[in-house]
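Each remark here refers to the structure printed beneath this line.
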Number of protein chains: 2
Amino acid sequence: MARRRDATMEDVANHAGVALSSVSRVLNDHPDVSDRMKQRVMGAIADVGYEPNLLASSLRRGSTKTIGFLASDISNPLFAEIALGAERRLDEAEYTMVLTNSEGSGERDEEMIRLLRWRRTDGLILSVSDERRAGTLVELARLDVPVVLIDRDVKGLDDASVVTSDHARGMRSAVDHLIELGHTDIALISGPRQLRPARERLRVFRRAFRDQQLEPPEHLLRIGSFSAQSGEQATLDLLASDRPPTAMIAGGNLLLTGVLRALRRRKLTVGRDIALVSCDEVPLTELHSPPITVIARDAVHMGDLAAELLLERLVGDAEPRRAVVPTSLIVRDSTKKARRR
Amino acid sequence: MARRRDATMEDVANHAGVALSSVSRVLNDHPDVSDRMKQRVMGAIADVGYEPNLLASSLRRGSTKTIGFLASDISNPLFAEIALGAERRLDEAEYTMVLTNSEGSGERDEEMIRLLRWRRTDGLILSVSDERRAGTLVELARLDVPVVLIDRDVKGLDDASVVTSDHARGMRSAVDHLIELGHTDIALISGPRQLRPARERLRVFRRAFRDQQLEPPEHLLRIGSFSAQSGEQATLDLLASDRPPTAMIAGGNLLLTGVLRALRRRKLTVGRDIALVSCDEVPLTELHSPPITVIARDAVHMGDLAAELLLERLVGDAEPRRAVVPTSLIVRDSTKKARRR
DNA sequence: TGGCTAGTTGGAAACGATACCAGTATCCTC
DNA sequence: GAGGATACTGGTATCGTTTCCAACTAGCCA
């Protein structure tokens, strides 16, 4: 089906016997076009099989109607949902979303941001892999378009909108819940400090203990990556220690699968031998036996909100602002009375 | 940080006191450039803070170095993995992937294909929501760039490469396995016939029975959408029927969560009260109690392969071809001896 | 020394659209 | 019927690149 050359507006104009600019006006439905002109041009468009070239249009217009989305791990269902929410919202506003992935690498963060800049996307939604990296900040500073961060705090970047989730509240209620059940040897398995969610969870985890006049169990903290493998290793490690935990908090859905694998290998039963809380709802948390207590939040909504904040600035020319998505503790059978020791 | 106007190659040329075309040659490292020229231009680029405009470049060059990916449901972890595989591969070859989503709507299939065409992507990887839709075929026919279909058969589209998975083999061994365990009342819960995977599974499901001189249990077929809700409804429906199944096959990971919800509601235990097989490995299948027998395939590899087939045609100028990804049955505790009736 | 080639460079025409500025025709209004 | 506003249309510069072609320089050989 290869045609020799795509028809252009000029071809349309020639075929219709009108000026190029008139074709443009018709296509952008400019107020000053007669019905007759509209008819002729539309006819010619159909005749020659014209299709707009959005590249040329964007170049001239200075706007691509495209938004870049950078996720730190696209295969994580959490990000898939955020992306879904964002895409839906952007699509409504006639924007196309370019989804890219840094796979946990700060270096790729930089490359992707640069690439999106060069492609002249009209705005960016970012969930970078490393908030602290200097190079990333440099790339961001060169940016000339609105930015929305998702659950990230990049210091030095003051003119970005931010969507965060209320990790503090969620983690707080999780720890309180466990303490109330009689647990004090609570392990926290979480991701790297370069990322806000991990930092927040850790901060509040410790604080929750202190507020109850308890010493945070530093020996039960395991800070690694957000991967399943990291979760599995950390759990095995904890279980092999002198004083293993009676409860665990997994800081993400990938970590959770690692934790569960490890528990299964050690033949421990969740809810009976050890209490378990996870972060972010996935099918597994609900359908596990026993069902797993979880700190939940609405990921699709986060994406939607991110797109919203971006559009505010793009269309409405509003100021950057912060939005917080609530979290809530869903208590299930994985957290019960602590075993007597 | 808003600069008045981005620096262009012309600014670089002026600053360096050379011609615009020389700057271009340096940037595209053309063979005929002296070292001295290279130095001067590079210096000027740094001085004025020049950054390439990929829009203008693409327009002139006639290639965007961009590939469109259309998924029928991006929030499905299966597609997330396929996208991941494809993106990795494309990224190596310096292509950017634009990920879009038709959310199960054939109408959006059309719109998205049209949009990608207008944006002049160099190639497309498609997993459309409806293979049979006439409008989609029209949009595809207008396309002038290589296309790879993922697990879809669009008849009338002869010049596309295709990556499929060997559903036949997987389904065949699943049914054989269940029959061998003594099951004959086997239910199949699957997606719409517009999609190849569903069609293939159904075809082979029936055939497997006939090959064993058995009548396929038509009353236990439930063909709906691929959603969790559809799976739940179908299961409840089956369980309420005169002669409920002793085994079930769920044709996808979303369907599976629906099936499990329904079974839980009816207080049935997987593996004891009813045998269960699912399609596509997810954390839930492995970590469920009991673990769920599954027809598995390597989704990341499928994406990788799709990108590969596309690059073959883009870079290597090869002919379209078909590739098949194997499936394998992983037997777990969810399929055991049939209960005596 | 003349002429030829190879290595570099500059100039200008595309690529396919949009938007500004004029120009013409039409219609009121007094 | 003159004047001016209004509705439409055409021509052309421009967006930021790449690419083709011509021109210039230097080196080399006869």
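First the proteins, then the strands, lettered A, B, ... as listed; each starts at 1.
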Between P on D:dC15 and CG on A:Asn53, what's the gap in Å once rounded to a whole number?
18 Å
Send over the distance from A:Arg25 CZ to C:dC21 P, rounded to a whole Å.
14 Å
To the nearest angstrom, how far is B:Glu10 atom CD from D:dC15 atom C1'?
11 Å
What nucleotide among C:dG16, D:dG10, C:dG11 has an atom nearest to a side-chain atom of A:Met37?
D:dG10
Is a salt bridge present between A:Arg322 and A:Asp153, judged by a nitrogen-to-oxygen distance below 4.0 Å?
yes
If you compare every side-chain N and O of B:Ser21 against the phosphate oxygens of C:dG10 (OP1, OP2), does one of them come in below 4.0 Å?
no
Contact class for B:Ser24 vs. all strands (heavy atom < 4.0 Å): base, sugar-phosphate, or nothing?
base
Taking the side chain of A:Ala19 as its heavy atoms from C-beta onward, which of C:dT8, D:dG16, D:dG11 lies nearest to it?
D:dG11
DNA chain C nearest-nucleotide lookup for B:Pro31 and B:Arg61: closer to the 5′ end is B:Pro31
Lys/Arg-Asp/Glu bridge criterion (N-O < 4.0 Å) met for A:Lys65, A:Glu94:
no
Do we see a donor-acceptor contact under 3.5 Å between the side chains of A:Ser58 and A:Arg120?
no
Is the shortest side-chain N/O distance from B:Asn28 to OP1 or OP2 of D:dT18 below 4.0 Å?
yes
What is the separation between atom CG on A:Leu27 and atom P on C:dG16, rounded to the nearest whole Å?
15 Å
A:Thr66 OG1 to B:Arg119 CZ distance, which is reported to the nearest 0.5 Å
3.5 Å
OP1 or OP2 of C:dT8 under 4.0 Å from side-chain N/O of B:Ser34
no
What's the closest nucleotide to the B:Met9 side chain, out of C:dT18, D:dT18, C:dG10?
D:dT18
How many Å lie between CG on B:Leu59 and P on D:dT14, as a whole number?
17 Å
Would you indicate which nucleotide in D:dG16, C:dT18, D:dT18 comes nearest to any side-chain atom of B:Arg60?
D:dT18
5'-most contact on DNA chain C (nearest-nucleotide basis), B:Val18 vs B:Arg120, goes to B:Val18
How many whole angstroms separate atom NE2 of B:His30 from atom P of C:dT8?
10 Å
To the nearest Å, give me how far apart CZ (A:Arg40) and P (D:dC8) are.
15 Å
Expressed in angstrom and rounded to an integer, what is the separation of A:Leu55 atom CG from D:dT17 atom P?
14 Å
Hey, are A:Ser165 and A:Asp151 close enough side-chain-wise for a donor-acceptor pair under 3.5 Å?
yes
How would you label the contact of B:Leu20 with the nucleic acid (heavy atoms, under 4.0 Å): base, sugar-phosphate, or nothing?
base
